[in-house]
Amino acid sequence: MRKHLLSIDDVSADDAVTLFATAAEMHDVQSRQVKKLPALRGRTIINLFFEDSTRTRSSFEIAGKWLSADTINIAAKGSSASKGESLRDTVLTIAAMGVDALVMRHPASGAALQVSQWIDAAVINAGDGTHEHPTQALLDAYTLQRRLGGPGSLEGKRIAIVGDLTHSRVFRSNVLLLTKLGASVTVVAPPTLMPSGVGSWSREAGFATSYDLDEVLPTADAVMMLRVQRERMTGGYFPSAREYTVGYGLTRDRLRLLGPDVPICHPGPMNRGLEIAADAADAAQSAVLEQVSAGVAIRMAILYHLLAGDEA
Amino acid sequence: MSETTLVKGASLYGDRTADLLLRDGVIAEIGSISTPDGARIVDADGLIALPGLVDLHTHLREPGREDAETILTGSRAAAVGGYTAVLAMANTSPVTDTAEAAERVHDLGRAAGLVDVHPVGAVTGGLGGEELAELGLMHRSRARVSVFSDDGRCVADARVMRRALEYVKAFGGVVSQHAQDPSLAGPTSCCHEGELSGRLGLPGWPGIAEEVVVARDVMLARHTGSRVHVAHASTAGTVEVLRWAKSLGIEVTAEVTPHHLLLTTDLLAGYDPTYKVNPPLRPQEDVDALRAALADGTIDAVATDHAPHARHDKEHAFVDAAFGMLGLETALPVVASVMVSSGLMTWAEVARVMSSTPAAIAGLGSQGRPLEVGQPANLVLVDPAATLVVDRERSVSLSRNNPWHGRTLGASVVATFLRGRPTVLGGELTEP
Ligand SMILES: [Zn+2]
């Protein structure tokens, strides 16, 4: 792996295999009574969040703590802009305190990449705008792999990603990673929520687009639902919540189109009744809670490889 | 304060070679001239003489952001770039929307004394897009404002645009439109909408947002019988609309920036805010269409959209960083590289698009004049054989947001004369 984790472009298929193997070991730690490894003792990790995310921040915080790193959370929401400070000044100030890794969430696409050019610490992108969320993609792929039969099992599988693709960093990272691991991905959304130019992405092996969820679901080996932001409804992307659910929600009826072993993923938090029916969210085949626990294991694996990898 | 300069052996418009005698602010003689007593001699062997360049679209930042540029430092950058006149956009703080504000810019330009600084007046008060600014009073002022623009923003309301076009007819003014339908390219739109913006997750600025406004405005110009000018045309679709409008005899002119003639949207792949500009860099197809349109006259002029910014205003996340690039010092080398070296244009045609036509659009009688006896001695000497590796630290602008840094460009400006007085000699400013 490279020094930073900014995009799935920084992760080769071999890197992913290594990370998943490490994550499986870390996963075992989680079931122990004493959940501590000494691997990152004396290392400092700052979670710098310019945007709220209890889920991702806590996941990184726990991962760091279980590896014995000192993890510090800084909520920088609005602070730099309101003080007129540039992003560069903000991160240089924080980096000057002595930090080994900066886990960064920012509402602007590309922010993590820009920051990595300004500071020496390893930068981990914990979500940048509508660009990427590579650790989420890694935990999703890791979860799916476990569900679908273990290492290598994503090869040749058909995965549907459904919802607001335009505004989804989870979608972008997942497409890159899942196709890299040999899966074929079909993305499903109304045309207004397809990113511009997405049609030409489909030239890539194993990538297709569809407006018709009912046509895609019966052949899917796994389905990944994306969160629909409520504000999209007033942005003219679709007429109403009701119409969205009828067209693109994983409703109780559509659940029947899926095989009983087809895992259902959702990055959370879920809009129950909008993009996903309660029946689907709580179904035995739902992998939603497993994604959360896998998230800690994956983030432990990432921190371990970025910060302790050379010495191990 | 009469001074005399003899420019020896310049190639006029890249064509015939002659000496030029500059005296009392005019071109006093052209031909084979023996040196008069006390004359400064400028050896122009191998250099091309063109009329001084005129920029229809410059941001000088004064008043309001004197840390990014002042009228003095911007004038220096203009002179170094071969300009003898610039039009200073109105989106300063406060906005140039009154006669007093326009006169202040005009006076500061005179005090700097390096180029003629003509303020552009705002179309609407405070660039608010709703009420017409005092267009007539700005025109009657000492600054003689003839070009009006809310640049930085689009005059989006069709009724307001119609009234502005009608109103400026009274004194032969022109409205320069920053064509950007705000409902199609909103305030966060910062990247050409296309495959790359989709991948990068950047809010797209679709070409259609420009094209629908250009199409609307040419129809309004036809309806009002007035003149409209399209600022920084950036798409092939805009070129098509312009071509059609001109075929109907509609009074529309258009400019293109050097950066839209050469740089493409894929430079944004690394989220470098240096390349963030409004309108955004477009794909190669658009660039090709713009070059062809400039060569065939569909696009009338090259304008820099020189937009200096303090470093810290660019050191934000891409969507939060300021829009704009420097342009005055590099415009001619870029046009030479793109249009002349490639054979798309002659030097005489460069003079047309960078000097005479922009002067005519802005109604500047003493600028953009041909290199002929009796004409004002506003001219530039260009070394067509020079190659220039751009170093942003060598700029005389106060800002460093230079998209050409590290690139090699062809041709360089050796000397600039404003009314016979050298502002630049040997590539350097004559004042300290
Ligand atoms: Zn503009």
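Letters A, B, ... are given to chains in the order of the sequence lines, protein chains preceding strands, and every chain is numbered from 1. Both backbone and side-chain heavy atoms feed into the values below; hydrogens, waters and symmetry mates do not. No experiment lies behind these values; they were computed from the predicted model shown.
Taken from CZ in B:R311 to CG in A:D89, the straight-line distance is 12.5 Å, to the nearest 0.5 Å. Between the CG atom in A:D128 and the OH atom in B:Y271 there is a gap of 5.5 Å [rounded to 0.5 Å].
In terms of heavy-atom pairs under 4.5 Å with chain A, the best-connected choice from B:R199, B:K314, B:H312 is B:R199. The greatest number of non-hydrogen atom pairs below 4.5 Å with chain A, out of B:L202, B:D272, B:V319, is found for B:L202.
Not counting sequence neighbours, the partners of A:R2 by the side-chain hydrogen bond (donor to acceptor under 3.5 Å, both in side chains) test are A:D10.
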- [ ] Take B:E195 and A:S200 through the side chain to side chain donor-acceptor pair (under 3.5 Å) test and state the conclusion after the steps.
- [x] CA-CA 7 Å; B:E195 191 191 351; A:S200 53; 3.2 Å; yes

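Counting heavy atoms of neighbouring residues, nucleotides and ligands inside a 6.0 Å radius, atom CD of A:Q229 exceeds 12 of them. Atom CD of B:E66 has more than 12 neighbouring heavy atoms from other residues, nucleotides or ligands inside a 6.0 Å radius. Summarising the local packing, CZ of A:R227 is surrounded by more than 12 heavy atoms from other residues, nucleotides or ligands at distances under 6.0 Å. Enclosure of atom CG in A:D9 by more than 12 non-hydrogen atoms of other residues, nucleotides or ligands within 6.0 angstrom is indicated. The environment of B:R394 atom CZ is sparse: at most 12 non-hydrogen atoms of other residues, nucleotides or ligands sit within 6.0 angstrom.
Against chain B, the residues from residues 108-116 of chain A that qualify, each with a non-hydrogen atom under 4.5 angstrom away, are A:A108, A:S109, A:G110, A:A111, A:L113, A:Q114 in number order.
A salt bridge (charged side-chain N to carboxylate O under 4.0 Å, His left out) check over residues 169-186 of chain A, counting only residues at least two apart or in different chains, returns the pairs A:E51-A:R169. The side chain to side chain donor-acceptor pair (under 3.5 Å) contacts involving residues 207-220 of chain B comprise B:Q177-B:D217, B:E210-B:S234, B:E210-B:T238, B:E211-B:T235, where partners must be two or more places apart or lie in separate chains.
Taking both residues in full, the closest heavy atoms of B:H316 and A:E85 are given as CE1-O, 3.5 Å, listed atom of the first, atom of the second, then distance. Taking all atoms of both residues into account, the shortest heavy-atom contact from A:S196 to B:S197 is OG-OG, 3.2 Å.
Residues B:D320 and A:H106 are in side-chain contact: their nearest non-hydrogen atoms beyond the backbone lie under 4.5 Å apart.
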